[in-house]
A.B. asks: 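The structure follows.
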Amino acid sequence: MKRATSTASSPGSRVWRNWSGTATATPARWCRPGSEAEISAAVKDAASAGLQVRALGSGHSFTAIAATAGVALDLSGWTGITAADTRTGLVTARSGTTLRALNAELGGLGLAMANLGDIDAQTLAGALSTGTHGTGARLGGLATQVESLELVLADGSAATCSASSRPELFAAARIGLGALGVITAVTLRCVPSFTLLADERPMPVEEVLEQFDALAAANDHFEFYWFPYGRKALVKRNNRLAPEEPAGSAAAASAPAMPRWRRFWEFEVMENAAFGTLCRIGRARPRLIPALNRFSSAALSTRTYTDMSHRVFVTPRRVRFAESEYAVPRESVGHVIAELRRVVPRLPDPVMFPVEVRVAAADDIWLSTAYGRESAYVAIHQYAGLPYQDWFDRFESVVAEVAGRPHWGKLHSLDAERLGPLYPRFDEFRRVRAEVDPEARFGNSYLARVLG
Ligand SMILES: Cc1cc2nc3c(=O)[nH]c(=O)nc-3n(C[C@H](O)[C@H](O)[C@H](O)COP(=O)(O)OP(=O)(O)OC[C@H]3O[C@@H](n4cnc5c(N)ncnc54)[C@H](O)[C@@H]3O)c2cc1C
């Protein structure tokens, strides 16, 4: 999966475009720093020119959160692990490192991130800044794995924050929306490498909802995908093997590691090429979409395998789509899915993609979508090029009834007035922002909307 594209022509007309094609921008300047001093100089130069600054990640947010008409800081040359203590698991990496590169480097050290989302194309700082999460009722999102952060602030100075040093900046900046400064380095608390036993099987959606709490409690990482016109959900249960039971051991023999050819067949051919073909047929003939969706649901099959954690968490996503996702109180997930089942048949434009449901533990990060509550994440998608606004609007009305909080990197229409009451520490976040960036040097139009 590539970083977001940029197309260069004459100076000042190089366009930035996100992965899903839902946001574009034409920065006045591009800068690709290779040191902290160069990052600081870029911020100071922007201030002298009266320009705003955005650090770019991989462009995998669906919102325009990374877009800027000012200075685009391309951090693709600011990568790699700079320190690692395999005894404590503390690892420091430069902020532009992609999760893919990080996972590979960590694997070489015998370490891993405790939890991950569905893909690994994001940069470390980009993933953290929007509250990227995976699934697991006893685990928080990626930002809960952060031990400390180093930033360049709006005046060009360097700052370090952790639970004991500038704790307010730390509570805000772990999921800071890029609004507080340029993160230059992240220290993560990693865990020893571990193997996951993956079990994926279809189940009637009613049964999944009846057993939702038990499934979330009984599995390290539980999630399900529901095709909106089908009756079945694909339930994914990923559980950690004890260190003495690595992939290929006798204990894991019932679910051996997936051979390379089968991995290619399952993930590249079936989940990307074949599904992409169905999506293209649906886009050409939208009236066929409910039947294609039912076919996808009926074709779900069982598979079990073991592999290193990141090779189970992460799969390739080559079929492009638009997405919205809300965190809702865990106990309301049944209500939300029931409402969506009512909404789908009445949509003017049918939905090709499944709904994904995950879980996360409560945390204490100010702008975390799981702040102070056990959460379920409900994500809806639509294939690129098909209309999605009506579906996304109705979804928002449903999750609004249960105080849903939108993922900062996925499509939503909420503004500061509606977001404020959803986040008990919203005003404290804005106060810290006003202290460290009084002129909104790191602002853009998305932040003006969501932070006011
Ligand atoms: C196919 C796909 C699958 C996805 N799967 C998941 C998933 O499983 N779970 C989930 O929660 N999300 C998921 N997402 C959303 C994605 O994780 C987030 O949108 C994430 O922020 C993207 O990271 P990025 O590096 O592309 O950052 P960008 O989108 O480029 O930027 C995001 C924000 O980070 C800021 N930023 C970047 N670098 C820095 C820095 N050094 N300092 C300060 N701010 C910085 C940017 O300015 C911007 O505000 C998925 C997205 C896609 C397209």
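Counting convention: from 1, in listed order, for ligands and their atoms alike.
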A.B. asks: For R418, what residues pass the side chain to side chain donor-acceptor pair (under 3.5 Å) criterion, not counting sequence neighbours?
C.D. replies: none
A.B. asks: With a distance cut-off below 6.0 Å to the six-membered ring centre and an angular limit of 45° from the axis, does R405 pair with Y423 as a cation-pi contact?
C.D. replies: yes
A.B. asks: Check R54 against ligand 1 and report side chain, backbone, both or neither, counting heavy atoms closer than 4.0 Å.
C.D. replies: side chain
A.B. asks: Does an N or O anywhere in A125 fall below 3.5 Å from an N or O of ligand 1?
C.D. replies: no
A.B. asks: Of the listed options (A72, G181, S129, A67), which comes nearest to atom 35 (C) of ligand 1 when hydrogens are ignored and any heavy atom counts?
C.D. replies: S129
A.B. asks: S61 versus ligand 1: do any nitrogen or oxygen atoms come within less than 3.5 Å of each other?
C.D. replies: yes
A.B. asks: Does the side chain of M113 reach to within under 4.5 Å of the side chain of L102, using non-hydrogen atoms?
C.D. replies: yes
A.B. asks: Using heavy-atom distances, let me know which of A185, A66, A173 sits nearest atom 31 (O) of ligand 1.
C.D. replies: A66
A.B. asks: Taking distance alone, with N or O pairs closer than 3.5 Å, would you say E325 contacts ligand 1?
C.D. replies: no
A.B. asks: Would you tell me which option among R317, K410, E356, R318 has the nearest heavy-atom contact to atom 6 (C) of ligand 1?
C.D. replies: K410
A.B. asks: Quick one: which ligand 1 atoms are inside 4.0 Å of a heavy atom on G117?
C.D. replies: 8 (O)
A.B. asks: Compute the minimum heavy-atom distance from F62 to ligand 1 and say whether it is under 4.0 Å.
C.D. replies: yes
A.B. asks: Please name all residues satisfying salt bridge (Lys or Arg N to Asp or Glu O under 4.0 Å) with E428, sequence neighbours left out, ordered by chain then number.
C.D. replies: R425
A.B. asks: So which of H381, H60, H133 gets nearest to atom 11 (O) of ligand 1, if we judge by its closest heavy atom?
C.D. replies: H133
A.B. asks: Please say whether the positively charged group of R174, taken as NZ for Lys or CZ for Arg, lies over the ring of F170, i.e. under 6.0 angstrom from the six-membered ring centre and within 45 degrees of the axis.
C.D. replies: yes
A.B. asks: What I want to know is whether I119 and ligand 1 share at least one N or O pair that is separated by under 3.5 angstrom.
C.D. replies: no
A.B. asks: Measuring only between side-chain heavy atoms, which start at C-beta, is D199 closer than 4.5 Å to N219?
C.D. replies: no
A.B. asks: When you measure from the heavy atoms of F321 to every atom of ligand 1, does any distance fall below 4.0 Å?
C.D. replies: yes
A.B. asks: Answer with side chain, backbone, both or neither: which part of L75 has a heavy atom less than 4.0 angstrom from an atom of ligand 1?
C.D. replies: side chain
A.B. asks: Do you know which two heavy atoms are closest between N18 and S61, and how far apart they sit?
C.D. replies: ND2-O, 2.8 Å
A.B. asks: Please classify the S95 to ligand 1 contact at 4.0 Å (heavy-atom distances, strictly less than): side chain, backbone, both or neither.
C.D. replies: side chain
A.B. asks: With distance as the sole criterion, is a donor-acceptor pair present between the side chains of H221 and R240 under 3.5 Å?
C.D. replies: yes
A.B. asks: Quick one: does R358 get within less than 4.0 Å of ligand 1, heavy atoms only?
C.D. replies: yes
A.B. asks: Tell me whether R358 contacts the main-chain N or O of T135 through its side chain, where contact means a donor paired with an acceptor under 3.5 Å.
C.D. replies: no
A.B. asks: Looking at D427 and R431, does any basic side-chain N land under 4.0 Å from a carboxylate oxygen?
C.D. replies: no
A.B. asks: So for S20, does at least one of its heavy atoms come nearer than 4.0 angstrom to any atom of ligand 1?
C.D. replies: no
A.B. asks: Does R237 make a cation-pi contact with F222 (under 6.0 Å, within 45 degrees of the axis)?
C.D. replies: no
A.B. asks: Using a 4.0 Å heavy-atom threshold (strictly under), name the region of E323 that reaches ligand 1: side chain, backbone, both or neither.
C.D. replies: neither
